[in-house]
Participant: 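There's a structure below that I have some questions on.
Numbered from 1 within each chain, the chains take letters A, B, ... in sequence-line order.
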Amino acid sequence: MTVSPPPAAPPDHAAPRVLDAAVVAAAVQRIEAAGALDDAAALRQAFQSAPTRAAQVQARAWLLGERLGLPQELARWRLWGGWVGLALAVLIALAGLAAGRSVLASDRSINAVAAFVSLLGLHALTLTLWLLGLAWSALGAHAAGGGFSLGRLALGITARGPWAGGPHALDLWRGLGDVLRRERLWPWLTGLLSHGIWSAAFVLTLVVLTFGFAFQTYHLSWQTTILSAEFFQRFVHITGALPAALGFAVPDAQAVAQVGQAGAGFAPPAAGQRAWAWWLMGCVTVYGLLPRALLAAVSAWRWRTGVARLARVDMADPAVRAIVARLDALEPPPEVIDAEGRHARAAAPPPAAAPGAPGTLALVGFELPPEIDWPAAGLPTPTQPALRVSGSGAERQAALAALAAARPATLLLAVHASASPDRGTARFVREALATAGRTGLLLLDAAPVADAAARRWGDWLQSEGFGALARLDQAQTATDWIATSP
Amino acid sequence: MTEPLVIAIAGHTNAGKTSLLRTLTRQVGFGEVSDQPGTTRNAQALALRLDGAVAVRFIDTPGLEDSVALQDFLGRQPGETRPERVRAFLRGPEAHAAFEQEAKVLRALLEQADCAMLVIDTRQPVLPKYRAEIEILAACAKPIMPVLNFVRDAASRAADWHQALQEAGLHARAEFDVVAPFHGSEQQLYTDLATLLPQRRAQLAGIADALAQQARERAQAAARVLASSLIDVAAMRRALPADDFADAFKQQAFVRAFQDAVRRHARRAVDDLLALYAFRTGDAELADLPQLAGRWEDDLFNPELLKNAGARLGLGAVIGAGVGAVADLALAGLSLGAATTLGATVGGALSGGWRPVWRKLENRFQGVQELTVEDPAIALLAERGAALAAALARRGHAAQQRLQVGAAATDAAAADEAAADRLRQVVQALTPARGHPRWERGSPGALDDGERAELQDGVARHLAPLLAQAGAA
């Protein structure tokens, strides 16, 4: 919230101001932390309207905020904030005026050094406090911009006034706090407000002083009970150095000594008095107006760059990431681009019509890894050499040809249990089946066959229509199976 | 961004194509992962979106199951070059019959994809059918990036596969494991792809950067989740009237209720972390300890673990080494007593006003006892949380077995003096929370003010190296 004059037009709903958007988003996040909002519509709308996730997160928050009336509340704050700032500025200006008037007392005699202190004392004190707060904040101890300042007062009054009694006033106020804390903007906002107000006050004071000195005759002097004349000479010399550099006339040591000795009725030279008046105005300008105006400009610049940074969404915020995850879920599901056609599987051929002599046994190891011995220990000796097929086209053909020639009564086909059954295996099994009287499938593995693997092969046998095949999980069961006569 | 990159994911049936895709796109619900063969039968397009824009379109293809027969078949197709023969095959009738699945892969690669990722189950021996797969894919004349899966498995034959890939002329490769996929080298995968697709180099570098950025953001968010939970626990404070304190039964019930509240905070952190890394609640099961109900949070009150944590924090072996504490094993990890928390309150009072101290003195005067969580329990929570976050960051989205975050990780960390040092810093950073009971989320009058947020950021900064360290362990 800035204390710019109330906006002439309501904020553009299509593109909310960066600060408003950030504050509303922070407030919505706080409201949501207390309990989830029904945001399905807002989420979808944000998803469709914004290009990036960050923008979508912000658009969603803004939509929810609009539903809760947060932007209107914020606009009301902005309006009242403007008035509060104005009122404070007027108040401070009146104080400046009073300070000026008190200096220009009615008896036309001015205690110059006391005037210096009364014009600049309070200002110096509050400026010191503000600088301490800034240092404190820069140390990272407290980004809330501790310390009292006019800006803080203006914000406090705005947040606590009767106009701020909306249902989400507290959330908005804390949201503003979150946002300002995140970019460490507190000192610059309060700085912009208080330095602006002080600058205005000093301008007014200077106008009053100029008017008074221009059209009325004053006697500027100093008085003391305990201090020496040298002190005042030094004081004027040191304080006058900077104004003198800017071209302000400064009373010299002699002039200082002169007015000090002045008793009642002594008329000091007019040139010395002019120098005294210029010295006072120069000091107010150099030590009052200039630093405040400079700091107001710096604050305004830091504030502007900081607010521009607020457009960035903190993507490392867990709450934001949760929203991003929900936005991700709105993406269209994976599309099937090449659907599965339904095809009848090739039927398993019947066992060989005329198998070879009873008792003939063929052993074929199919795609076995090198560390598995084949034929496996414990298996009966086959009636013809055991075959080991690594799976190349030529080897498969050779093995099938050998089987077709032998036509064994019993065929034991060994496969690697932890391999995944595939259609290439099915093709080989199907062709091998047709050559033998009966066929068993032995699962082999370096370790004992896992249940999951056995189940996988069993399911596969069923789904491929190889129900007639015996599934054998161990060499021993295979031996037993071979021993049972077909 | 320009046209999204299109990558076909090919491989033998059950090699882990869908798992790889889940991990690459972080979509835990995509497709169906099972060890049944031929789970994926359609070709499906799945997008990797970076900041809402499609960066990569992955095509999940069915497994190449009958490659040996297909290689023979392709050899008999008409055509001068290999891609021509593939096209001839795709036009022919068998592309919709015997080799339908394989045709989907080749069609996707030839007509749509910029390159292919060939997923290889390295537990399998290099059989002729796998060589045939590589040959068939190479016939499409598109760049191929082999992705070796299950490289951490004891049965992995990665060396054989490296050899086989080199023989097939494939020199770039990526390694992947479902349980610890890529381990931060996902960006490397895209960088390596750039060597295969030089014309897409800038685009791929952009993807790698965006992924690295996302990983950083997730890690930061995880640290904040943990920090917030730690603040909750450190801020916890429950008053027990003097009469109830005198009643052993009521005192016990009070302590139990307090422990349950601590566990709820820990559980919330776990759930938030799971959500952050796009896991579902229940995907992760935390370590079983025989003497406890099997929940990780219960470890927080395990006297033995607390003693270790206390020793590491430099608090000595005695539990309850806070100011004025009386060691009491029944209160493992908690301290009960009006005086116990006074020291912490004075520390917290610097930022929270002096009222808590007066209230404490008043409580002490009236014999009201207050229960708080001690540093060792907070250290344990921080340590376990960091280990969980690191494990989740590494973990793929296709792992079917449940995740165990056990005492092993803790012991490994215990040996590390640097880790203990960081843990001390975290616990120390939490001191201000001791003086702010209202900072506990969900407590009556809970207050989430700027100071809490400041502290959360500060603690998260201390946690970040702890997370990174747990990730490297």
Participant: Where on B:Arg131 is there a heavy atom nearer than 4.5 Å to chain A: the side chain, the backbone, both, or neither?
Facilitator: neither
Participant: Give, for atom OH of B:Tyr277 and atom CZ of A:Arg321, the distance between the pair rounded to the nearest 0.5 Å.
Facilitator: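 Going from OH on B:Tyr277 over to CZ on A:Arg321, the span is 9.5 Å.
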Participant: When heavy-atom pairs shorter than 4.5 Å are enumerated against chain B, which of A:Arg174, A:Arg396, A:Glu331 gives the highest number?
Facilitator: A:Glu331
Participant: Report the option among A:Ala447, A:Gly177, A:Ser390 that has the most heavy-atom pairs separated by less than 4.5 Å from atoms of chain B.
Facilitator: A:Ser390
Participant: What heavy-atom pair brings B:Val68 and A:Gly391 nearest, and what distance separates the two atoms?
Facilitator: CG2-O, 3.4 Å
Participant: How about A:Pro370 and B:Arg157: do any of their side-chain heavy atoms sit closer than 4.5 Å?
Facilitator: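 The answer is yes; the side chains approach within 4.5 Å.
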Participant: Tell me, with the steps shown, if B:His12 and A:Asp422 meet side chain to side chain contact (heavy atoms under 4.5 Å, CB included).
Facilitator: CA-CA 9 Å; B:His12 195 75; A:Asp422 55 32; 2.7 Å; yes
Participant: Check this for me: does any side-chain nitrogen of one of B:Arg224 and A:Asp314 sit under 4.0 Å from a carboxylate oxygen of the other?
Facilitator: yes
Participant: B:Gln112 versus chain A, heavy atoms under 4.5 Å apart: side chain, backbone, both or neither?
Facilitator: side chain
Participant: What I want to find out is whether A:Arg181 reaches B:Asp457 closely enough, with some N-O distance under 4.0 Å, to be called a salt bridge.
Facilitator: yes
Participant: Any side-chain heavy atom of B:Gln220 sitting closer than 4.5 Å to one from A:Met315?
Facilitator: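 Side-chain contact under 4.5 Å: no.
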Participant: Checking B:Ala453 against chain A: side chain, backbone, both or neither under 4.5 Å from a heavy atom?
Facilitator: both
Participant: Can you name the nearest heavy-atom pair linking A:Asp317 to B:Ala221, along with the distance?
Facilitator: C-CB, 4.5 Å
Participant: Measure distances from A:Ala325 to the heavy atoms of chain B and classify the residue's part below 4.5 Å as side chain, backbone, both or neither.
Facilitator: neither
Participant: Side chain, backbone, both or neither: which part of B:Arg441 has an atom under 4.5 Å from a heavy atom of chain A?
Facilitator: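 It is neither, since no heavy atom gets under 4.5 Å.
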Participant: One thing to verify: whether A:Arg427 and B:Glu65 come together as a salt bridge, which I'm taking to mean a side-chain N less than 4.0 angstrom from a carboxylate O.
Facilitator: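 So B:Glu65 does not pair with A:Arg427 through a salt bridge.
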Participant: Using non-hydrogen atoms only, which part of B:Ile59 is less than 4.5 Å away from chain A: side chain, backbone, both, or neither?
Facilitator: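 Answer is side chain: those atoms of B:Ile59 sit under 4.5 Å from chain A.
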Participant: Given a strict heavy-atom distance threshold of 4.5 Å, which part of A:Gln56 is in contact with chain B: side chain, backbone, both, or neither?
Facilitator: neither
Participant: From B:Leu50 CG over to A:Thr52 OG1, what is the distance, rounded to the nearest 0.5 angstrom?
Facilitator: 12.5 Å
Participant: For B:Ala98, is there any backbone N or O sitting under 3.5 Å from a side-chain donor or acceptor partner on A:Arg423?
Facilitator: yes
Participant: Quick one: what part of B:Tyr130 sits under 4.5 Å from any heavy atom of chain A, side chain, backbone, both or neither?
Facilitator: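 Contact with chain A: none, neither part.
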Participant: Which pair of heavy atoms, one from B:Leu127 and one from A:Leu368, lies closest together, and at what distance?
Facilitator: CD2-O, 4.4 Å
Participant: I'd like to know which of B:Ser67, B:Pro128, B:Ala222 tops the heavy-atom pair count under 4.5 Å against chain A.
Facilitator: B:Pro128
Participant: Answer whether the closest heavy-atom distance between the side chains of A:Glu367 and B:Gln124 falls below 4.5 Å.
Facilitator: no
